[in-house]
Amino acid sequence: MLKIYNNLTNKKEIFIPIEPGKIRMYVCGITVYDYCHIGHSRAYIVFDMVARFLRHLGYDVTYIRNITDIDDKIIQRANENGEDFHQLTTRFIKAMHEDFDQLNILMPDLEPKATDHIPAILTMIETLIDKGFAYQAENGDVYFAVNEFNKYGELSGKRVEDLRAGERVDVDTNKRDPMDFVLWKMAKENEPFWESNYGKGRPGWHIECSAMSTEMLGNHFDIHGGGQDLQFPHHENEIAQSECCTGEKFVNYWMHNGFVRVNEEKMSKSLGNFFTIRDVLKEYRAEEIRFFILSSHYRSQINYSDEQLDQARSGLERLYAALLDVEFGDVPKDTEYQQRFELAMNDDFNTAEAIAVLFDLTRDVNRAKAENSPEVAALGSLLKYLANLLGLLELNAAEFLKSSVTDDGLSNADIDLKVEQRQQAKKDKNWAMADQIRDELTAAGIVLEDNVDGTRWRR
RNA sequence: GGCUGGUUGGCAGAGUGGUUAUGCAGCGGCCUGCAAAGCCGUGGACGGCGGUUCGAUUCCGCCAUCAGCCUCCA
């Protein structure tokens with residue numbers, strides 16, 4: 001029985017889909033004006049894992065992850081670069097897909113872009129105005145009137161009174177209430193715009209998610225996810241817009257992943273302490289990043305550091321090493337390992353616990369190997385199968401262990417030759433020579449492992 | 001100030017009202033020409049103070065402390 005921690009109630013709840021056997025899930029994607037960083041990678045690895053596991057449970061999942069391709073930062077960056085905003089977003093959408101692909105993040109079923117859904121956005125704004133939940137201010141901008149929605153603050157646990165008292169809310173004289181947020185923003189000179197009843201402008205950030213999720217998943221759907229920083233105000237605003245527009249409950253389960261921190265501080269663009277995915281991929285294998293992310297529960301905060309990534313590397317290499325020489329075959333059914341794995345995952349996607357099960361299974365695989373047991377194939381196949389559910393251990397073990405992201409100047413053939421030379425030295429009992437070759441390779445980051453069949457190496 | 005969520009062994013990180021997390025690192029052993037990998041064994045923990053309980057790291061309260069949100073942010 002699947003339990004999900006629901007931010008609407010701040011409790012773990014038994015998951016019940018709206019329509020039996022089907023799950024409709026929407027996750028807020030990125031604003032494409034720069035390369036994705038490790039914080040982004042966490043959010044999308046996490047929800048990729050969620051979608052994979054829900055499908056494993058047999059659900060027919062419709063997973064939507066949008067792209068915000070118009071907003072202030074995009075316009076600003078495009079201006080700085082002296083290029084059309086569309087050119088900018090196209091470039092970074094491509095980069096995002098490349099990065100995500102490396103991290104084995106599967107494509108969502110639909111990946112709508114805000115600019116492709118302006119009509120749906122305008123329709124929703126019109127409905128909100130008609131129903132009295134939104135108004136056009138003197139400057140032409142259209143705002144949502146927070147005051148008209150009495151459930152405002154339900155998701156984030158905030159009270160409108162407290163928010164109003166806050167000193168950090170900008171006082172904008174165009175708004176009736178400082179908490180009101182923009183739905184349609186008038187275009188300034190030389191800014192991209194779309195025609196509307198309210199004038200030439202562009203959508204506010206929050207409305208696109210409401211419009212696109214409702215358009216594609218219906219008024220009421222199962223799961224909505226995103227980073228913890230989106231809980232307020234973004235998701236709060238989505239609820240307000242959608243429920244006021246449709247008169248129905250918007251989402252049943254809200255999920256938010258925790259942040260990635262750097263030196264005990266949130267990784268973010270404004271702090272400038274972010275590491276882009278492509279930079280990290282110069283030092284670590286993509287799967288090491290994925291393993292690092294999934295080693296902790298998705299709601300906890302994690303700290304990014306080389307030490308963490310090094311530990312992830314060691315752990316992942318242990319798992320892959322167990323798969324060496326395994327002849328994969330049928331995956332045994334109804335094993336205790338799978339039960340434990342699923343129990344962990346059913347408990348609010350506890351990947352840390354699930355990975356611990358993989359390590360227990362790994363010991364069993366290694367033990368079977370040491371004993372030359374016929375169980376090796378079955379246990380190894382099970383390990384690969386369970387790990388694959390998390391998007392891990394999909395590569396060939398030998399190739400993975402020989403792969404490297406850093407250039408040590410040695411080709412595989414170079415190494416093979418050295419290893420061969422050392423084999424001869426060993427045969428001649430020339431231990432000094434054998435050790436010298438091994439030391440050379442060790443210095444280059446190559447690890448040698450002798451066994452009865454010969455010598456295996458990895459980077 | 002309001003609201004969230006944390007505080008577990010050298011590091012990372014799960015979990016539990018009384019019993020082994022798991023990984024990395026350490027120590028001892030097996031294996032090995034020596035190693036490495038692997039296997040076997042092993043030490044080491046639950047922020048502080050109260051309370052509930054036969055018994056609390058686990059439940060409750062208070063305190064301390066950290067991070068986050070309240071402004072764009074995954």
Side-chain angles (χ1 to χ4, degrees), chain A residues 5 7 10 27-31 36-47 65 68 71-73 76 153 156-159 161-170 179 205 225-234 236 256-261 264-271 274 291-292 295-297 299-303 305 307-308 310-319 321-322 324 340 344 347 350-360 362-363 365-371 401 426 429-432 434-435 438-439 442 446-452 455-458:
Chain A
Y5 186 90
N7 273 119
N10 285 348
V27 172
C28 291
I30 69 164
T31 302
C36 291
H37 58 63
I38 292 295
H40 297 120
S41 81
R42 184 181 194 190
Y44 304 111
I45 286 170
V46 160
F47 287 103
R65 188 186 66 206
T68 298
D71 94 320
D72 291 358
K73 286 190 296 282
Q76 191 191 331
S156 55
K158 296 182 190 305
R159 294 180 312 172
E161 297 312 310
D162 296 337
L163 291 168
R164 278 203 191 100
E167 302 159 21
R168 303 171 74 182
V169 176
D170 285 338
M179 290 312 303
W205 176 38
Q228 208 160 47
D229 45 1
L230 299 186
Q231 184 170 343
F232 188 89
H234 184 55
E236 197 72 72
H256 295 99
N257 64 277
F259 298 125
V260 176
R261 296 190 294 173
E264 311 304 315
E265 245 181 355
K266 179 185 169 185
M267 181 184 289
S268 73
K269 297 245 162 126
S270 49
L271 289 168
F274 61 92
F291 183 84
F292 159 64
S295 293
S296 305
H297 185 90
R299 277 188 286 118
S300 66
Q301 303 191 87
I302 59 176
N303 209 39
S305 69
E307 290 71 29
Q308 295 274 13
D310 288 343
Q311 285 201 12
R313 169 171 294 173
S314 301
L316 193 59
E317 286 181 351
R318 176 171 161 80
L319 295 177
L324 286 168
R340 285 174 56 204
D347 185 11
N350 192 337
T351 52
E353 182 78 31
I355 287 174
V357 174
L358 297 184
F359 278 110
D360 284 344
T362 292
R363 179 175 297 109
V365 173
N366 287 330
R367 208 182 282 150
K369 277 182 172 178
E371 291 166 359
L401 293 169
K426 282 181 64 174
K429 303 233 186 273
N430 185 350
W431 306 127
D435 289 353
R438 183 171 61 197
D439 289 346
T442 302
I446 315 295
V447 181
L448 299 192
E449 292 170 19
D450 296 339
N451 55 49
V452 283
T455 298
R456 192 187 314 269
W457 65 266
R458 60 189 172 82

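Reckoned from all heavy atoms, side chains included, excluding hydrogens, waters and symmetry mates. By convention in this document, chain letters (A, B, ...) are assigned in the order of the sequence lines, proteins followed by strands, and residues within each chain are numbered from 1.
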Trainee: May I ask you to evaluate whether A/Arg318 reaches the phosphate of B/C39, defined as a side-chain N or O under 4.0 Å from OP1 or OP2?
Mentor: yes
Trainee: Using side chain to side chain contact (heavy atoms under 4.5 Å, CB included), reason through A/Ile302 and A/Phe259 one step at a time and then give a plain yes or no.
Mentor: CA-CA 7 Å; A/Ile302 59 176; A/Phe259 298 125; over 6 Å; no
Trainee: Rounded to whole angstroms, how far apart are CG on A/Asp310 and C1' on B/G13?
Mentor: 17 Å
Trainee: For side chain to side chain contact (heavy atoms under 4.5 Å, CB included), just list the numbers for A/Arg363 and A/Asn366, CA-CA rounded to whole Å, side-chain angles, deciding distance to a tenth of an Å, and then say yes or no.
Mentor: CA-CA 5 Å; A/Arg363 179 175 297 109; A/Asn366 287 330; 5.7 Å; no
Trainee: How far does the C1' atom of B/U8 sit from the matching atom of B/G48, given to the nearest Å?
Mentor: 15 Å
Trainee: With respect to the side chain of A/Asn366, which nucleotide from B/A37, B/C69, B/G38 is positioned closest?
Mentor: B/G38
Trainee: Ignoring hydrogens and angles, answer whether the base of B/A35 and the side-chain atoms of A/Arg438 contain a donor-acceptor pair closer than 3.5 Å.
Mentor: yes
Trainee: Counting heavy atoms from C-beta on, name the nucleotide in B/A36, B/C72, B/A12 closest to the side chain of A/Ser270.
Mentor: B/C72
Trainee: The criterion is salt bridge (Lys or Arg N to Asp or Glu O under 4.0 Å); which residues satisfy it with A/Lys158, sequence neighbours excluded?
Mentor: none
Trainee: Locate the shortest heavy-atom distance separating A/Ala43 from A/Asn257; write the atom from each residue and the value.
Mentor: CB-OD1, 3.6 Å
Trainee: To the nearest Å, how far apart are A/Glu307 CD and B/G10 C1'?
Mentor: 13 Å
Trainee: Should the side chain of A/Lys369 and the base of B/C39 be counted as holding a donor-acceptor pair, with the cut-off at 3.5 Å?
Mentor: no
Trainee: What distance, rounded to whole Å, do you find between the two C1' atoms, one in B/A74 and one in B/G13?
Mentor: 22 Å
Trainee: Is there a donor-acceptor contact under 3.5 Å from the side chain of A/Ser314 to the main chain of A/Asp310?
Mentor: yes
Trainee: Remember a base hit wins even if backbone is also touched, and classify A/Val27 as base, sugar-phosphate or nothing at under 4.0 Å, heavy atoms.
Mentor: nothing
Trainee: Please report the distance, rounded to the nearest Å, between NE2 in A/His234 and C1' in B/A74.
Mentor: 11 Å
Trainee: Indicate, with a heavy-atom threshold strictly under 4.0 Å, whether A/Glu264 touches base, sugar-phosphate, or nothing.
Mentor: sugar-phosphate
Trainee: Calculate the interatomic distance between A/Asp72 atom CG and B/C72 atom P; express it in whole Å.
Mentor: 10 Å
Trainee: Taking for each residue the nucleotide of RNA chain B bearing the nearest heavy atom, is the 5' side occupied by A/Trp431 or by A/Val357?
Mentor: A/Val357
Trainee: Which whole number of Å gives the distance between the C1' atom of B/G41 and that of B/C63?
Mentor: 43 Å
Trainee: Are the side chains of A/Gln228 and A/Asn7 in contact, using a 4.5 Å heavy-atom criterion?
Mentor: no
Trainee: State whether the distance check finds a donor on one side and an acceptor on the other, under 3.5 Å, for side chain A/Gln228 versus base B/G68.
Mentor: no
Trainee: Testing the basics here: between A/Gln301 and A/Arg42, what is the closest heavy-atom pair and its distance to 0.1 Å?
Mentor: CA-NH1, 4.0 Å
Trainee: Taking ring-ring contact (aromatic ring centres under 6.0 Å, His included) as the definition, give me every residue that meets it alongside A/Phe274, ordered by chain and number, with sequence neighbours left out.
Mentor: A/His37
Trainee: Could you please name the option among B/G68, B/U22, B/A74 that lies closest to any side-chain atom of A/Gln301?
Mentor: B/G68
Trainee: State which residue, out of A/Leu448, A/Leu401, A/Val447, fulfils the side-chain contact (heavy atoms from CB on, under 4.5 Å) condition with A/Trp457.
Mentor: A/Leu448
Trainee: What integer number of Å spans the C1' atoms of B/G44 and B/A37?
Mentor: 25 Å
Trainee: Could you check whether A/Gly258 gets within reach of a base, just the sugar-phosphate, or nothing at all, counting any heavy atom under 4.0 Å?
Mentor: base
Trainee: Which is true for A/Ser156 with a 4.0 Å heavy-atom rule: it touches a base, it touches only sugar-phosphate, or it touches nothing?
Mentor: sugar-phosphate
Trainee: Tell me what A/Asn451 touches on the nucleic acid: a base, only sugar-phosphate, or nothing, going by heavy atoms under 4.0 Å.
Mentor: nothing
Trainee: Using a 4.0 Å heavy-atom cut-off across all strands, classify A/Arg261 as base, sugar-phosphate, or nothing.
Mentor: sugar-phosphate
Trainee: Looking at every strand, decide which applies to A/Gly39 at a 4.0 Å heavy-atom threshold: base, sugar-phosphate, or nothing.
Mentor: base
Trainee: Give the rounded distance in Å between these two atoms: CD of A/Gln308 and P of B/A25.
Mentor: 15 Å
Trainee: Which residues pass the ring-ring contact (aromatic ring centres under 6.0 Å, His included) test with A/His256, sequence neighbours left out?
Mentor: A/His235
Trainee: Identify whether any heavy atom of A/Asn10 sits under 4.0 Å from a base atom; if not, whether one sits that close to sugar-phosphate; answer base, sugar-phosphate or nothing.
Mentor: sugar-phosphate
Trainee: Of the non-hydrogen atoms in A/Phe292 and A/Asn303, which two are nearest, and what is the gap between them?
Mentor: CZ-O, 3.5 Å
Trainee: Produce the list of close N/O pairs, under 3.5 Å, pairing protein atoms with atoms of nucleotides 14-17 of chain B; give distances to one decimal.
Mentor:
from, atom 1, to, atom 2, distance (Å)
B/A14, OP1, A/His297, N, 2.6
B/A14, O3', A/Asn350, ND2, 2.9
B/A14, O2', A/Glu353, OE1, 2.2
B/G15, OP1, A/Asn350, ND2, 2.9

Trainee: On a plain distance test, is the side chain of A/Gln231 in donor-acceptor contact with the base of B/C69 below 3.5 Å?
Mentor: no
Trainee: Which string of ( ) [ ] | and . matches RNA chain B, if you list each base 5' to 3' and count Watson-Crick or G-U pairs only when both distances are under 3.5 Å?
Mentor: (((((((..(((.....[...))).(((((.......)))))....(((((..]....))))))))))))....
Trainee: Could you give the distance separating B/U52 and B/G61 at their C1' atoms, to the nearest angstrom?
Mentor: 11 Å
Trainee: Please list each protein N or O that sits under 3.5 Å from an N or O in nucleotides 40-42 of chain B, with the distance.
Mentor:
from, atom 1, to, atom 2, distance (Å)
B/C40, OP1, A/Arg367, NE, 2.8
B/C40, OP1, A/Arg367, NH2, 2.6

Trainee: Please work out if A/Lys269 contacts a base, only the sugar-phosphate, or nothing of the nucleic acid, heavy-atom cut-off 4.0 Å.
Mentor: nothing
Trainee: Under 4.0 Å, counting only non-hydrogen atoms across every strand here, what does A/Asp450 touch: a base, just sugar-phosphate, or nothing?
Mentor: base
Trainee: In whole angstroms, how far is the C1' atom of B/G5 from the NZ atom of A/Lys266?
Mentor: 14 Å
Trainee: Can you name the nearest heavy-atom pair linking A/Ala352 to A/Ser295, along with the distance?
Mentor: CB-O, 3.2 Å
Trainee: For A/Leu448 and for A/Ile302, locate the closest nucleotide of RNA chain B by heavy-atom distance; then report the residue assigned to the nucleotide nearer the 5' terminus.
Mentor: A/Ile302
Trainee: Give me the distance, rounded to whole Å, that separates B/G55 from B/G43 when you measure between the P atoms they each carry.
Mentor: 28 Å
Trainee: Measure the distance from CG on A/Leu324 to P on B/A37 and round it to the nearest whole Å.
Mentor: 14 Å
Trainee: Is NZ or CZ of A/Arg65 both nearer than 6.0 Å to the six-membered ring centre of A/Tyr44 and within 45° of the ring axis?
Mentor: yes
Trainee: Let me know the distance between CZ of A/Phe292 and C1' of B/C24, rounded to the nearest Å.
Mentor: 14 Å
Trainee: Heavy atoms only, 4.0 Å cut-off, all strands: where does A/Arg458 land among base, sugar-phosphate and nothing?
Mentor: sugar-phosphate
Trainee: If the C1' atom of B/G9 is compared with that of B/G5, how far apart are they to the nearest Å?
Mentor: 23 Å
Trainee: Pick the C1' atom in B/G18 and in B/G10, then give their distance to the nearest Å.
Mentor: 29 Å
Trainee: Using a heavy-atom cut-off of 4.0 Å across all strands, would you classify A/Phe359 as base, sugar-phosphate, or nothing?
Mentor: sugar-phosphate
Trainee: By the 4.0 Å heavy-atom rule, please label A/Phe291 as base, sugar-phosphate, or nothing.
Mentor: nothing
